[in-house]
Amino acid sequence: MDILVVAFILDEIIERKEKEAMLEKLDMLMSTFFSEVGNDLISQLSAANKYKTSTENLKSIKNWNEEDFDNKLAELKDASLDFQADISAEEREEFLENLRTLLASKREFIINLINNPNLLEKEEFTNLINAILHLDEELEHRKDLALVNDADFGHLNGDMKRVYEKLVYEWVYYLRYLNKHYPYMIALIIRTNPFDEDADVYVKE
């Protein structure tokens with residue numbers, strides 16, 4: 001009986017360690033996601049967002065501690081984030097074309113992510129990938145973006161808002177991970193913070 005109990009405990013420990021290692025790899029995968037598409041996507045959507053005050057406190061993320069990250073993640077998970085693309089009718093086609101081009105160029109990368117069975121362990125990230133693929137599909141089916149009227153743009157705004165909310169959450173989660181495990185990597189993210197119009201990639205001091 002003692003041997004069975006010890007074997008059971010060892011199996012639990014090994015299983016937990018394996019799951020922790022797998023989740024660690026998934027967190028590292030997020031670095032590739034943001035480098036490939038996430039940073040560009042969040043920059044495009046943030047620049048167009050009418051309600052920039054909803055993410056204004058993300059400017060100060062360089063001064064956050066672990067508790068600040070946890071509080072912000074809880075806030076983002078429980079509340080809807082204001083988003084509306086503040087784009088004039090004259091600039092609408094160009095804005096949507098740039099967004100469609102970005103997503104189309106990264107489609108294969110995004111599909112490869114969703115085919116990773118381990119991603120099922122990270123529900124929020126999986127939901128983000130699904131939201132991005134849906135927005136990509138909506139834009140791809142509109143062959144002539146000049147035909148997008150106010151009502152249709154309103155529909156696309158709903159799809160962009162869904163992506164934006166999940167993208168901001170994952171961005172903050174990713175920065176918390178870097179801050180805890182790889183603080184030297186977070187410096188570049190902070191210097192290119194898409195929510196800070198004064199951010200500058202060049203080190204000044």
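Values reported hereafter were calculated over all heavy atoms of this structure, with side chains retained and with hydrogens, waters and symmetry mates removed. Keep in mind the model is a prediction, meaning the values are calculated, not measured.
Not a single donor-acceptor pair under 3.5 Å links the side chain of Asn179 to the backbone N or O of Leu175. In this structure, Ser60 contributes its side chain and Asn57 its backbone to a donor-acceptor pair below 3.5 Å. Lys161 places no side-chain N or O within donor-acceptor distance of the main-chain N or O of Ala85, the cut-off being under 3.5 Å. Judged by distance alone, the side chain of Asn112 and the main-chain N or O of Glu108 form a donor-acceptor pair under 3.5 Å. Between the side chain of Asp159 and the main chain of His134, no donor-acceptor pair closer than 3.5 Å is present. A donor-acceptor distance shorter than 3.5 angstrom exists from the side chain of Arg100 to the backbone of Leu139, with no hydrogens or angles considered. Looking only at distances, no side-chain donor or acceptor of Asn98 sits under 3.5 Å from a matching main-chain atom of Phe95.
The two residues Arg191 and Val201 have their closest heavy-atom pair at NE-O, 2.7 Å. Considering all non-hydrogen atoms of both residues, Glu124 and Lys77 come closest at OE2-NZ, 2.9 Å. Nearest heavy atom pair, residue Ala146 against residue Glu93, reads CB-OE1, 3.6 Å. Heavy-atom minimum distance, Pro194 versus Ser43: CB-OG, 3.7 Å. Of all heavy-atom pairs spanning Arg92 and Asn149, the tightest one is NH1-C, 3.3 Å. Scanning all heavy atoms of the two residues, the minimum distance from Met160 to Leu99 falls at SD-CD2, 3.8 Å.
Residues Val163 and Leu45 have side chains in contact (heavy-atom distance under 4.5 Å, counting atoms from C-beta outward). The shortest distance between side-chain heavy atoms of Lys72 and Trp64 falls below 4.5 Å.
With values rounded to the nearest 0.5 angstrom, Tyr164 atom OH is found 4.5 Å from Asn49 atom CG. Here the OG1-CG distance, from Thr32 to Leu113, works out to 8.5 Å after rounding to the nearest 0.5 Å. Between the CD atom in Glu140 and the CZ atom in Arg142 there is a gap of 11.5 Å [rounded to 0.5 Å]. The CG atom of Leu96 sits 11.5 Å away from atom CD of Glu138, with the distance rounded to the nearest 0.5 Å. Atom CG in Leu135 sits 7.5 Å away from atom CG in Leu41 (nearest 0.5 Å). Rounded to the nearest 0.5 angstrom, Asp196 CG and Ile61 CD1 are separated by 11.0 Å.
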* **Verdict with supporting geometry, Leu76 and Val168, side-chain contact (heavy atoms from CB on, under 4.5 Å)** => CA-CA 8 Å; Leu76 289 170; Val168 172; 4.0 Å; yes
* Given the rule in the ring pair (Phe, Tyr, Trp, His ring centres under 6.0 Å) test, do Phe125 and Tyr173 qualify, once you have shown the distances and angles that lead to the verdict? -> CA-CA 10 Å; Phe125 190 59; Tyr173 178 94; 9.1 Å; no
* To do: Determine, step by step, whether Phe34 and Leu167 satisfy the side-chain contact (heavy atoms from CB on, under 4.5 Å) criterion, reporting the C-alpha distance in whole Å, the side-chain angles of both residues, the deciding distance to 0.1 Å, and the verdict.
  => CA-CA 10 Å; Phe34 278 102; Leu167 190 58; 4.1 Å; yes
* **Evaluation steps, side-chain contact (heavy atoms from CB on, under 4.5 Å), between Asp70 and Glu66** => CA-CA 6 Å; Asp70 289 340; Glu66 190 167 350; 4.0 Å; yes
* What's the verdict on side-chain contact (heavy atoms from CB on, under 4.5 Å) for Phe83 and Ser54, showing C-alpha distance, side-chain angles and the deciding distance? -> CA-CA 8 Å; Phe83 177 87; Ser54 65; over 6 Å; no
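The number of heavy-atom neighbours closer than 6.0 Å to CD of Glu94, taken from other residues, nucleotides and ligands shown, is 12 or below. A 6.0 Å sphere centred on NZ of Lys62 holds no more than 12 heavy atoms belonging to other residues, nucleotides or ligands. The 12-atom threshold is exceeded at NZ of Lys52, counting heavy atoms of other residues, nucleotides or ligands nearer than 6.0 Å.
A chain of hydrophobic side-chain contacts below 4.5 Å, direct or via other Ile, Leu, Val, Met, Phe, Trp or Tyr residues, connects Tyr184 to Ile190. Note on Tyr51: it does not cluster hydrophobically with Phe153, by side-chain heavy-atom contacts below 4.5 Å among ILVMFWY residues. Taking hydrophobic clusters as Ile, Leu, Val, Met, Phe, Trp and Tyr residues chained together by side-chain heavy-atom distances below 4.5 Å, Leu188 does not share a cluster with Met185.
Checking each of Leu128, Asn130, Ile129 against Thr126 for a side chain to side chain contact (heavy atoms under 4.5 Å, CB included) leaves exactly one that passes, namely Asn130.
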